[in-house]
Amino acid sequence: MSTIGARTALSGLARKLVQDGVLKIDVAERASADSARKKVNFVSYLVENKLVDPTVLAIAASNEFGIPLFDLNALELDATVTKLVEEKLIRGHNALPLFKRGNRLFVAVSDPTNLVALDAIKFHVNAQTEAVLVEEHKLTATIEKAIAANDTSMRDLGGDADLDNLDISAEDEAAANNAGDSEAVDDAPVVRFVNKMLVDAINQGCSDVHFEPYEKIYRVRYRQDGVLREVSAPPIQLAGKIAARIKVMSRLDISEKRVPQDGRIKLTLSKNKAIDFRVSTCPTLFGEKIVLRILDPSSAKLGID
């Protein structure tokens with residue numbers, strides 16, 4: 001009788017896990033009580049303490065509440081949507097806005113009973129919220145990625161004083177500076193941002209740097225060991241200035257934005273080290289995509305033999 005009574009006292013998801021044999025009833029009771037006392041999401045508590053596999057937990061929640069399970073790896077985050085909700089709410093409720101359709105905001109949660117999160121976000125953005133069930137470990141990783149992308153801005157360059165004074169060699173740079181668009185060329189934060197991206201890429205042993213404009217976002221990606229990974233997401237409004245700065249550095253025509261161009265940059269890091277970049281631009285629907293190939297002789301550790 002005590003077992004039945006304890007079982008009926010459990011929440012829907014905890015009861016489902018006990019019925020499926022995933023959790024023992026005493027463990028479920030203790031986890032439910034501890035998560036409530038610590039004001040931690042029940043699903044987050046289970047995963048954090050390694051009591052249940054995240055995928056098994058998500059499938060159980062999907063079956064219990066009749067909500068389809070969504071794979072976060074299949075979605076490319078939209079920064080304009082994730083920025084609708086402040087970081088404090090996202091972290092506090094372990095919930096991330098994914099996409100918006102009309103006045104409906106779809107929010108990723110790992111616990112379908114997390115109604116407090118949906119209500120808080122609904123009030124914050126003044127839109128109807130709808131839960132999207134995802135796996136806890138993927139949600140945590142995606143939240144960190146979204147917040148890191150949203151935090152990437154020109155403010156991050158404040159401590160890098162040397163970024164203003166890098167020696168960039170270009171035979172016709174003076175002529176390029178006179179070609180127009182002086183605002184883009186002389187914008188100090190943009191100069192520092194581009195310099196930082198190039199120096200970081202060299203330090204990390206990357207082979208390519210991709211500057212990519214999209215309809216609502218702008219991203220910078222490094223190719224390292226053949227794999228592209230996103231490292232920065234500056235404001236989309238700076239797309240034109242970033243492109244203009246790179247084209248000036250590589251002696252390209254900054255007034256020509258409709259045809260591909262190729263150029264070179266020589267970046268002198270010290271008296272004994274200079275790195276060459278091969279620059280290729282390509283016009284796209286939302287601006288110019290630029291790829292820089294890093295030509296660093298010292299990175300070739302192995303000989304031909």
Side-chain angles (χ1 to χ4, degrees), residues 1-75 77 81-82 84-100 104-125 127-148 150:
M1 292 295 294
S2 61
T3 301
I4 295 175
R7 189 170 296 183
T8 56
L10 293 173
S11 67
L13 180 57
R15 186 170 59 250
K16 173 67 174 175
L17 294 172
V18 172
Q19 291 173 349
D20 290 349
V22 177
L23 277 181
K24 292 183 179 180
I25 189 167
D26 58 330
V27 176
E29 286 179 338
R30 187 165 58 251
S32 182
D34 287 349
S35 62
R37 187 179 68 255
K38 296 178 180 179
K39 297 182 179 180
V40 176
N41 182 283
F42 179 63
V43 172
S44 300
Y45 180 90
L46 293 178
V47 174
E48 183 179 345
N49 290 275
K50 300 180 179 179
L51 297 175
V52 183
D53 180 79
T55 303
V56 172
L57 187 55
I59 293 173
S62 176
N63 294 334
E64 174 68 15
F65 296 98
I67 302 177
L69 181 61
F70 181 77
D71 184 6
L72 275 177
N73 293 338
L75 178 71
L77 291 177
V81 176
T82 57
L84 292 176
V85 181
E86 59 188 28
E87 178 183 344
K88 183 179 178 181
L89 275 179
I90 292 176
R91 289 191 184 277
H93 294 289
N94 200 41
L96 180 69
L98 296 180
F99 47 89
K100 191 175 183 182
R104 296 169 65 198
L105 182 64
F106 293 83
V107 182
V109 293
S110 58
D111 185 352
T113 64
N114 193 4
L115 301 180
V116 175
L118 297 177
D119 288 341
I121 293 175
K122 174 182 178 181
F123 177 78
H124 183 72
V125 301
Q128 296 296 320
T129 53
E130 188 165 330
V132 176
L133 182 62
V134 299
E135 295 158 276
E136 167 70 17
H137 64 301
K138 291 183 180 179
L139 175 59
T140 302
T142 306
I143 285 176
E144 294 302 325
K145 179 181 177 182
I147 290 175
N150 291 344

**Student:** For K100, I'd like to know if atom NZ has over 12 heavy atoms of other residues, nucleotides or ligands within 6.0 Å.
**Tutor:** yes
**Student:** If every non-hydrogen atom of G66 is compared with every non-hydrogen atom of P68, which pair is closest and at what distance?
**Tutor:** O-CD, 4.0 Å
**Student:** Can you confirm whether L72 sits close enough to L98 that some side-chain heavy atom of one is under 4.5 Å from a side-chain heavy atom of the other?
**Tutor:** yes
**Student:** What's the verdict on side-chain contact (heavy atoms from CB on, under 4.5 Å) for H93 and V116, showing C-alpha distance, side-chain angles and the deciding distance?
**Tutor:** CA-CA 8 Å; H93 294 289; V116 175; 3.7 Å; yes
**Student:** Between R37 and D34, does a salt bridge (charged side-chain N to carboxylate O under 4.0 Å, His left out) hold up when you go through it step by step?
**Tutor:** CA-CA 5 Å; R37 187 179 68 255; D34 287 349; 2.8 Å; yes
**Student:** Do F42 and T113 touch side chain to side chain, with heavy atoms closer than 4.5 Å?
**Tutor:** no
**Student:** Side chains of V47 and E135: closer than 4.5 Å at any heavy-atom pair?
**Tutor:** no
**Student:** For A95 and I143, which heavy atoms make the closest approach, and how far apart are they?
**Tutor:** N-CD1, 4.1 Å
**Student:** Please determine which of N114, N94, L57 meets the side chain to side chain contact (heavy atoms under 4.5 Å, CB included) test together with V43.
**Tutor:** L57
**Student:** Looking at every heavy atom in both L84 and V125, which two are closest together, and how far apart are they?
**Tutor:** O-CG1, 3.6 Å
**Student:** For the atom pair CG (D53) and CD (E136), what is the distance rounded to the nearest 0.5 Å?
**Tutor:** 12.0 Å
**Student:** Given 3.5 Å as the limit, does a donor-acceptor pair link the side chain of T129 with the main chain of K122, or not?
**Tutor:** no
**Student:** First locate atom NZ of K88, then atom CD1 of I90, and finally report the distance between them rounded to the nearest 0.5 Å.
**Tutor:** 13.5 Å
**Student:** What's the shortest heavy-atom distance between L133 and A58, and which atoms?
**Tutor:** CD2-O, 3.7 Å
**Student:** Would R91 and E144 count as a salt bridge (charged side-chain N to carboxylate O under 4.0 Å, His left out) if you check the C-alpha gap in whole Å, the side-chain angles of each, and the deciding distance to 0.1 Å?
**Tutor:** CA-CA 9 Å; R91 289 191 184 277; E144 294 302 325; 2.6 Å; yes
**Student:** Indicate the atoms forming the closest heavy-atom contact of A60 with L17, along with that distance.
**Tutor:** CB-CD2, 3.7 Å
